[in-house]
Amino acid sequence: MSDPKSEFMLKIMPWLSQLLDVARHDLRYHMARGELQEGDLTEEEVVGETLITAFNGRSRKPQNVSWRLWLFRLEDRVMHRLIGREEKNRSRWAFSMDEPIPDLEAPLGDDVFWDWYQPDEKDRWEDVLCGYEPLPEELIAKAEKAAVDLEPPDRRAWLLHGKFNFTVPEVAQILQKPPSAVAKMILHTGEKLKGLVREKEKKD
């Protein structure tokens with residue numbers, strides 16, 4: 001008889017280091033924006049919550065969605081849920097230190113993360129990104145610092161596509177947006193970051 005946990009670990013192990021890497025990038029970004037404080041969350045906590053969610057809901061993973069894509073989609077949802085929990089807890093403690101410790105949020109419901117976007121054949125994201133070249137690896141770190149002023153969806157689309165090599169349709173499924181909109185987000189964000197990096201290099 002097969003062991004469900006062993007089977008699950010075999011499925012997720014190839015992507016574990018990438019999940020931790022993305023979580024690490026996300027935490028730095030949200031701390032720089034003031035949405036998290038030092039010590040609120042660790043990448044291990046984010047990925048741990050993601051894997052618990054994935055294991056509990058594995059029987060409902062869409063057959064036509066890869067494990068890599070599915071896990072990154074869940075991690076995105078879990079990250080936002082945990083940030084919301086931390087912000088709520090801080091506001092409660094700031095309101096009154098005499099109040100009882102707030103309860104943790106309920107786990108992400110099954111109905112929350114199965115509403116996958118199905119790309120429309122009319123979306124021509126290839127046309128939007130025609131001729132666009134991502135930032136080279138040596139500039140990614142500088143661009144990440146400049147990305148603190150970007151809105152979360154724009155920054156995440158750029159990160160997933162430019163650093164972690166997700167395709168535009170895959171990023172669209174993770175963010176639940178049309179591929180054409182995601183392609184424009186990547187294009188505009190990439191160009192904006194290139195300008196910010198050039199300005200920084202001139203100053204340095």
Side-chain angles (χ1 to χ4, degrees), residues 11-33 35-36 41 43 46-47 49-51 53-54 61-62 64-83 108 112-120 123-194 196-197:
K11 298 288 187 182
I12 63 97
M13 281 304 294
W15 317 119
L16 189 56
S17 62
Q18 281 194 358
L19 287 169
L20 287 166
D21 200 8
V22 167
R24 197 174 299 116
H25 282 275
D26 287 347
L27 290 175
R28 287 200 296 261
Y29 167 75
H30 289 293
M31 281 191 287
R33 287 172 63 91
E35 296 162 348
L36 286 174
L41 292 171
E43 57 264 33
V46 174
V47 173
E49 290 281 347
T50 301
L51 297 184
T53 303
K61 185 186 81 67
N64 62 338
V65 175
S66 69
W67 276 89
R68 180 178 184 246
L69 182 58
W70 186 64
L71 289 169
F72 274 83
R73 174 60 185 151
L74 293 185
E75 186 179 58
D76 186 49
R77 289 293 185 90
V78 167
M79 176 67 77
H80 285 88
R81 176 167 62 87
L82 293 178
I83 290 172
L108 205 62
V112 174
F113 48 81
W114 306 116
D115 48 348
W116 290 84
Y117 176 82
Q118 297 299 321
D120 191 325
D123 288 316
R124 296 291 298 174
W125 54 87
E126 300 94 336
D127 295 339
V128 180
L129 284 178
C130 181
Y132 169 69
E133 294 184 3
L135 286 172
E137 184 65 30
E138 61 268 18
L139 295 182
I140 291 289
K142 293 182 179 179
E144 186 182 353
K145 292 180 180 179
V148 68
D149 293 326
L150 300 175
E151 290 302 310
D154 297 333
R155 172 256 174 196
R156 193 166 182 84
W158 167 78
L159 181 70
L160 293 175
H161 180 71
K163 181 173 177 59
F164 292 95
N165 299 316
F166 280 95
T167 65
V168 169
E170 288 173 338
V171 176
Q173 286 199 7
I174 291 173
L175 298 182
Q176 292 188 308
K177 294 181 180 294
S180 56
V182 168
K184 291 176 183 177
M185 290 165 65
I186 293 170
L187 177 63
H188 295 158
T189 302
E191 292 303 320
K192 182 176 182 179
L193 287 174
K194 283 180 182 178
L196 292 172
V197 169

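The model shown is predicted, which means the values in this text are computed figures rather than measured ones.
Asp76 pairs by the salt bridge (Lys or Arg N to Asp or Glu O under 4.0 Å) definition with Arg73, Arg156, not counting sequence neighbours. Applying the ring-ring contact (aromatic ring centres under 6.0 Å, His included) rule to Tyr29 yields no partners; only residues at least two apart in sequence or on another chain are considered. Residues satisfying the side chain to side chain donor-acceptor pair (under 3.5 Å) criterion with Glu151, sequence neighbours excluded, are absent altogether.
Residues Leu175 and Met185 are in side-chain contact: their nearest non-hydrogen atoms beyond the backbone lie under 4.5 Å apart. Put simply, the side chain of Phe166 does not reach to within 4.5 Å of the side chain of His161, judged on heavy atoms. At a threshold of 4.5 Å between non-hydrogen side-chain atoms, the residues Gln18 and Phe72 count as touching. In this structure, the side chains of Leu51 and Leu16 come closer than 4.5 Å at one or more pairs of heavy atoms. No side-chain heavy atom of His25 sits less than 4.5 Å from a side-chain heavy atom of Glu43. Side-chain contact between Met79 and Val22: absent, with no pair of heavy atoms (C-beta onward) separated by less than 4.5 Å. Side-chain contact check for Arg68 versus Pro14: every heavy-atom pair is 4.5 Å or farther apart. In this structure, the side chains of Leu159 and Asp26 come closer than 4.5 Å at one or more pairs of heavy atoms.
For the pair Ala157 and Ile186, the tightest heavy-atom approach, listed with the atom from each and the gap, is O-CG1, 3.9 Å. The shortest non-hydrogen separation linking Ala23 to Val47 is CB-CG2, 4.2 Å. Residues Pro178 and Ala172 come closest through the heavy atom pair C-CB, 4.2 Å. Between Leu160 and Val171, the closest heavy-atom pair is CB-CG2, 4.0 Å.
Panel note: side chain Arg77, backbone Thr50; no donor-acceptor pair is recorded below 3.5 Å. The backbone N or O of Thr167 sits less than 3.5 Å from a side-chain atom of Glu170, completing a donor-acceptor pair. One N or O on the side chain of Lys61 and one on the backbone of Val65 form a donor-acceptor pair closer than 3.5 Å. Proximity of a side-chain donor or acceptor of Arg155 to a complementary backbone N or O of Val148 within less than 3.5 Å is not detected.
The aromatic rings of His30 and His80 lie perpendicular to each other, with more than 60° between the two planes, well past the 30° mark.
Separation of atoms CE (Met13) and CG (Leu19) is listed at 11.0 Å; rounding is to 0.5 Å. Atom CH2 of Trp70 is separated from atom CD1 of Ile12 by 10.5 Å, given to the nearest 0.5 angstrom. Between the CG atom of Leu74 and the CH2 atom of Trp67 there is a distance of 9.5 Å, given to the nearest 0.5 Å.
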